[in-house]
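Data block below; observations after.
Residue numbers start from 1 in every chain, and the chains themselves are labelled A, B, ... in the order their sequence lines are given, proteins ahead of strands. No hydrogens, no waters, no symmetry mates; every other heavy atom, side chains included, goes into these values.
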There are 2 protein chains.
Amino acid sequence: MTSQAFEAHDHRSCIAEGVASAVQICAERNLQLTKARQRVLEILLSEHRAMGAYEILEVLRAEGLGSQPPVAYRALEFLTKHGFAHRIERLNAFIACTHVDNAHAPVFLICRACERVVEAEADPAQGEIDRAARQAGFVVERAVREAEGLCPACASGA
Amino acid sequence: MTSQAFEAHDHRSCIAEGVASAVQICAERNLQLTKARQRVLEILLSEHRAMGAYEILEVLRAEGLGSQPPVAYRALEFLTKHGFAHRIERLNAFIACTHVDNAHAPVFLICRACERVVEAEADPAQGEIDRAARQAGFVVERAVREAEGLCPACASGA
DNA sequence: GGCTGTATGATATAACATATCAACCCCAAT
DNA sequence: ATTGGGGTTGATATGTTATATCATACAGCC
Ligand SMILES: [Zn+2]
Ligand SMILES: [Zn+2]
Ligand SMILES: [Zn+2]
Ligand SMILES: [Zn+2]
């Protein structure tokens with residue numbers, strides 16, 4: 001699972017590994033990966049694209065796992081709180097994390113044409129956000145790093 | 001108008017200069033800074049904090065400048081499109097630009113305690129977002145750089 | 001049994017944003 | 001002076017995202 005999901009890859013292993021790693025981490029940390037939570041993670045893992053809470057909710061509803069907004073939002077809160085998913089602020093939507101183990105300073109690259117979203121890793125210490133914060137004496141608790149544009153394939157007209 | 005609005009300053013000049021500079025630029029570029037547009041800019045300039053469209057709309061409504069959501073959103077679209085205001089994605093809200101003339105790669109520092117928002121300038125070429133994009137062959141059209149945390153005053157318990 | 005903490009269910013509402021069509025106004029070309 | 005286009009505004013409706021609140025279920029513990 002590299003950061004380059006813009007490229008072709010064995011996507012079934014993305015899902016399998018993502019779920020397996022969440023199962024293991026939850027066991028280690030005594031977190032309850034309940035049915036709905038796991039299913040939402042699978043739904044997110046199924047596409048390299050950000051999904052809205054209501055889009056996820058539709059799937060849950062079809063499967064009898066819940067039909068009201070809080071069902072989706074609660075699962076998403078759990079997943080984002082524990083690092084299994086991220087919120088994409090630009091899209092008001094969510095995506096599965098593809099760097100579950102590592103320390104996290106993700107940069108999201110959002111293709112406006114094919115909607116794919118890739119999570120890359122940044123070194124925050126070398127970043128423009130931390131630099132600006134340091135200079136202002138600002139204590140960063142959370143940073144949003146998102147770029148919208150065209151992925152290599154869409155940019156080249158492929 | 002430095003980037004350090006976390007510090008005390010003559011705030012009346014923030015408003016006066018912000019409006020004056022917008023008036024001038026609109027004249028130069030043949031943009032129509034209509035009554036509603038200018039008033040929304042003034043409203044945004046009146047606080048170093050991001051305001052939601054509906055919060056702005058309340059003010060417009062009280063002043064008889066319009067009462068329906070599109071009124072606020074249209075003015076905000078004009079202001080953001082031409083660089084007089086920015087959208088803060090993290091907050092789904094808007095703030096007046098404090099660097100109107102310069103080239104723009106703003107970093108926003110959002111204090112979760114006092115709600116103040118400061119716009120700092122980044123050098124995108126030295127940034128983590130551009131670096132990640134270059135590495136992935138991604139063409140950036142728009143970047144979101146926002147940090148949430150505590151401003152110097154709130155961090156020190158002042 | 002009763003207590004506690006966590007997770008779910010269920011209802012309602014808040015908050016944010018856009019689509020659409022009609023009306024108006026300015027200005028310029030015929 | 002009329003006509004037509006572009007940009008702006010008015011007005012209504014609707015779509016989308018998110019949270020508040022209260023009730024219920026269930027498991028682990030004493
Ligand atoms: Zn994949
Ligand atoms: Zn991640
Ligand atoms: Zn000021
Ligand atoms: Zn503060």
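- Ion pair B/Glu77/B/Arg74 not flagged as a salt bridge, since none of the NZ, NE, NH1 or NH2 atoms sits closer than 4.0 Å to an Asp/Glu carboxylate oxygen.
- The aromatic rings of B/Phe84 and B/His82 are tilted relative to each other, their planes meeting at an angle between 30° and 60°.
- Here the side chain of A/Thr34 is nearest to one of D/dT9, C/dT11, C/dA7, namely C/dA7.
- Side-chain proximity of A/Pro69 to the nucleotides C/dA12, D/dA11, C/dT8 is greatest for C/dA12.
- The distance from the CD1 atom of B/Ile110 to the CG atom of B/Leu91 is 4.5 Å, given to the nearest 0.5 Å.
- Of the listed nucleotides (C/dA19, C/dA10, C/dA17), C/dA10 has the atom at the smallest distance from the side chain of A/Pro70.
- Atom CG of A/Leu79 and atom P of C/dA7 are 12 Å apart (whole Å).
- A donor-acceptor contact under 3.5 Å links the side chain of B/Tyr54 to the base of C/dA17.
- Residue whose closest nucleotide on DNA chain D sits further toward the 5' end, between B/Gly66 and B/Asn92: B/Gly66.
- Between B/Cys97 and B/His104 there is a side-chain heavy-atom pair separated by less than 4.5 Å.
- Out of D/dT12, C/dT18, D/dA18, the shortest distance to the side chain of B/Gln68 is found at D/dT12.
- Per the geometry, CG belonging to A/Leu33 stands 16 Å off C1' belonging to C/dT8, to the nearest Å.
- Scanning atom types as modelled, one donor and one acceptor separated by under 3.5 angstrom connect the side chain of A/Arg74 and the base of C/dG9.
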